[in-house]
Amino acid sequence: MAEAEGAQPGVHVADVEDLRGAAHDRAVLAEARVVLARRLGVPPGEALQHLIWLARDLDMDLAEAASLLVKDGGGGPVGAVVAGRRAPRTEEVPAERQAVLSEAEDVLRRVTAEDTAGDAEILARVPDDPAAKAVLDGALDSAAHLVPVRGPDGNVADFLFAELNGVARDMFGRGPEELTGLRLLRTDPGAVLSGLFDDYVEVLESGTRLERPSIQYSTAQRGLSRSSRMSVRCVRVPTGVCVTWRYHLAEDRIARRLERVERLALIGFGEWDLATGEADWTPQMLANYGLAPDEVPPVPHDLPKVVADDDLPLVEEAVQTMFSRREPVEAEHRVIGHDGTPRHLWVFAEPVLGESGLPVSINIVSQDITRRRGVERALAETRRQMLRQQARTAQERRVAVTLRRAILPDENEIEQLPGLCTSIRSMAAESTARIGGDWFATRTLQDGRAMFAIGDAAGHGLPAAAAMARTRNGLLGLACTGERAGRLVGWLNELIGAMDPPATGTAIVAHYDPSRHVLEWTCAGHPPPILVRDGRAAPLEVVRDPMLGAMPGWEYTTITTRLHPGDMLFLYTDGLVERRDADLDERIVRLTRILRESSMRPDLVLDEVLGRMEHDRAADDTTLFAVYVV
């Protein structure tokens, strides 16, 4: 039975210990991503990919690489040059789209008000028109036979679709079945907006032919607008006019895709005609070389004049190769912008040979890779900084290991305590990056009581080892006062809270009086001891006081537990039970079951627990402390 004296409501921290490591790693990774993004001048998502590559290159796990980067993350950008990129563009400016819709709605309101009751009669009176039939049959593109609808003043107010060929489709995909018998302006108000309706009337009345090889055409229907380049022809026939049209949707789509490729990848295309001396460069090609859209591109032999001086030999050699060896070339060079900053270009060029075997033109492609080269420089510098930080961290780890070995006694040198038989296993993490602050202490007090303790300073590496040394030495010094466990832990809490840098940790401090078989102990955020008695095992009831260094001024509880000869008390640190892929409570239940089935000899029970718990030796320190009451 355990009796709590001076109990206070505590802060439950032991149950969340298994989440702290994962949360810490996620926080460090997030911070590292931001630090690297600032260094490289790239978005955080791209920075994460670069961090993964850095970790692979340095042969370390991602969490370790992130930690190194954060430790050395105080600097700003280290040379990344971000190439300018134009913002993504929509297919049509919203204001223009709205204007098309507004004008189309005005047309529709006007033509909808007109009386269409006589349309069927107009179509019925249209005689056979062999000329119109011949135009529709011979057209490879969309074609329609339109007959005029005249107003009271005798002028043409609209046209009716008398007939359409089988391939005819309007901007909204409607064919002969949907359009035959309908009025033109009701189905396609864009004919008014573009001026085509007036042109059709002119063809009807004058007999002149209309041919528009390419116009930008916009129309609207039911709140939706469509735009495309369009080729249109119109001829008069005896009963009206015949119109053939073609929307250049596929060509426009290809052109838009090429423009997007240029804009997004910063790729430019160019061609030199060596016979005429003319050059045809795309806008991105001009931009790559720092030229305005209205500037004349340089001829091949003048190309070295626009590149950086240090790259002249390379470009001259490439030009000579194309003209003398008549071979394609591939090279990288820099051009100096008007502001004096260099732009890195990767260039592919090939000569086009005529029948004589001599070059008649030059095709050239360039890509602006300034951003990539800037990122590469920044990554190289970051890698060097990480290597320096890795060396410093390795030195700290060596110091931490040495300090741990110097502070903690060997297992075979543990002082035997009165009325108790003890055995200890304390193992540092196999991964030097995860060496933590596990500690233990034993002492026989002047009044004949036995003092033993176990604890874990938060963190890893040298800071944790230093905090561990201060905590353990502080406790051993305070133990000489003979005060109760709760008072000792309270003093220890103040000592740790005043450390610089600040530290936290968990601990169990216990006093055993062999004359009364009474254990008085205090738990500061540590996993509770497990009592094994008469073939049963269960964690002792504990007042969950806060971890050390978390709450200054806290009065810790002293718990009294009566022990019997033959009892065994098992203490441990979280490294034994914490696994990120398992629930902490379930792991403690498993440990309790193993202890119930194990030997009562302290040394044997430690070996059996280590063999059956399958704990993660690489992730954290592990300390086990078995105390047998004689």
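The structure presented is a predicted model; accordingly, all values stated were derived computationally and were not measured.
- Checked by atom type, the side-chain pair Glu381/Gln385 shows a donor-acceptor distance below 3.5 Å.
- Contact check for Gln395 versus Val399: side-chain heavy atoms found under the 4.5 Å cut-off.
- Contacts classified as ring pair (Phe, Tyr, Trp, His ring centres under 6.0 Å) and involving residues 43-71 (residues at least two apart or in different chains) are given here: His50-Trp53.
- By the salt bridge (charged side-chain N to carboxylate O under 4.0 Å, His left out) test, Arg236 pairs with no residue at all, sequence neighbours left out.
- Annotation for Arg33: atom CZ counts as buried by contact number, over 12 foreign heavy atoms lying within 6.0 Å.
- The two atoms that bring Trp281 and Gly270 nearest to each other are CD1-CA, 3.5 Å, heavy atoms only.
- With values rounded to the nearest 0.5 angstrom, Ser366 atom OG is found 13.0 Å from Trp346 atom CH2.
- The shortest side-chain heavy-atom distance between Arg212 and Asp199 falls under the 4.5 Å cut-off.
- With a 4.5 Å cut-off on side-chain heavy atoms, Leu224 and Phe172 count as touching.
- Using a 4.5 Å heavy-atom cutoff, the side chains of Asp170 and Asp188 are not in contact.
- Between the side chains of Arg392 and Gln389, a donor-acceptor pair is found at a separation under 3.5 Å.
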Quiz: residues 130-137 side-chain donor-acceptor pairs under 3.5 angstrom, not counting sequence neighbours:
none

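- Across all their heavy atoms, Ala139 and Thr244 have their closest contact at CB-CG2, 4.0 Å.
- Contacts of Asp280 classified as side chain to side chain contact (heavy atoms under 4.5 Å, CB included), with partners at least two apart in sequence or in another chain: none.
- Rounding to the nearest 0.5 angstrom, the gap separating the CG atom in Leu353 from the OG atom in Ser361 is 9.0 Å.
- Between the side chain of Ser225 and the backbone N or O of Thr219, no donor-acceptor pair lies under 3.5 Å.
- Looking only at distances, a side-chain donor or acceptor of Thr180 sits under 3.5 Å from a matching main-chain atom of Pro176.
- In this structure a side-chain-to-backbone donor-acceptor pair under 3.5 Å is present from Arg326 to Gly357.
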*Start with the C-alpha gap between Ile254 and Leu258, add the side-chain angles, then the distance that decides, and say whether side-chain contact (heavy atoms from CB on, under 4.5 Å) holds.*
CA-CA 6 Å; Ile254 292 174; Leu258 288 175; 4.2 Å; yes
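- Note that the CG atom of Asp252 and the OG atom of Ser214 stand 7.5 Å from one another [nearest 0.5 Å].
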*Step-by-step side-chain contact (heavy atoms from CB on, under 4.5 Å) determination, Val329 to Val347*: CA-CA 8 Å; Val329 294; Val347 177; over 6 Å; no
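- Tyr289 and His333 have their aromatic ring centers within a separation under 6.0 angstrom.
- The nearest pair of heavy atoms linking Met171 to Tyr247 is N-OH, 3.4 Å.
- Considering only residues two or more places apart in sequence or on other chains, Glu46 meets the salt bridge (charged side-chain N to carboxylate O under 4.0 Å, His left out) condition with Arg371.
- At a threshold of 4.5 Å between non-hydrogen side-chain atoms, the residues Arg343 and Asp368 count as touching.
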*Can Leu54 and Leu69 be said to form a side-chain contact (heavy atoms from CB on, under 4.5 Å), step by step?*
CA-CA 10 Å; Leu54 277 172; Leu69 192 61; 5.7 Å; no
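- Note that the CE atom of Met230 and the NE2 atom of His248 stand 9.0 Å from one another [nearest 0.5 Å].
- Residue Asp302 places its CG atom among more than 12 non-hydrogen atoms of other residues, nucleotides or ligands, all under 6.0 Å distant.
- Using a distance-only test at 3.5 Å, with no hydrogens or angles considered, no donor-acceptor pair links the side chain of Ser67 to the main chain of Ala63.
- Every side chain to side chain contact (heavy atoms under 4.5 Å, CB included) that Asp141 has, sequence neighbours left out, goes to Arg246.
- For the atom pair CD1 (Ile364) and CD (Glu350), the distance works out to 11.0 Å, reported to the nearest 0.5 Å.
- A pairwise comparison of heavy atoms in Val241 and Cys234 identifies CB-SG, 3.8 Å as the closest pair.
- Side-chain atoms of Phe348 and Glu330, non-hydrogen and from C-beta on, do get closer than 4.5 Å to each other.
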_Does Val360 form a side-chain contact (heavy atoms from CB on, under 4.5 Å) with Leu274? I'd like the steps, not just the answer._
CA-CA 5 Å; Val360 296; Leu274 301 180; 5.6 Å; no
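- Between the Asp129 side chain and the Thr239 main chain, a donor and an acceptor come within less than 3.5 Å of each other.
- Between Arg334 and Asp311 the shortest heavy-atom distance is N-OD2, 2.8 Å.
- The line from OG1 of Thr282 to CD1 of Ile267 is 10.0 Å long, rounded to the nearest 0.5 Å.
- Salt-bridge check for Arg125 with Glu121: passed, with a basic side-chain N closer than 4.0 Å to an acidic carboxylate O.
- Judged by distance alone, the side chain of Gln367 and the main-chain N or O of Ala265 form a donor-acceptor pair under 3.5 Å.
- Checked by atom type and distance alone, the side chain of Thr187 pairs as donor or acceptor with a backbone atom of Leu184 at under 3.5 Å.
- Side-chain atoms of Asn165 come within 3.5 Å of backbone N or O of Ala143 as a donor-acceptor pair.
- For the pair Val243 and Val232, the tightest heavy-atom approach, listed with the atom from each and the gap, is CG1-CG2, 3.8 Å.
- In this structure, Phe161 and Leu146 have side chains that are in contact, with non-hydrogen atoms separated by less than 4.5 Å.
- Salt-bridge annotation for Arg186 and Glu178: absent, with no side-chain N of the basic residue lying under 4.0 Å from a carboxylate O of the acidic one.
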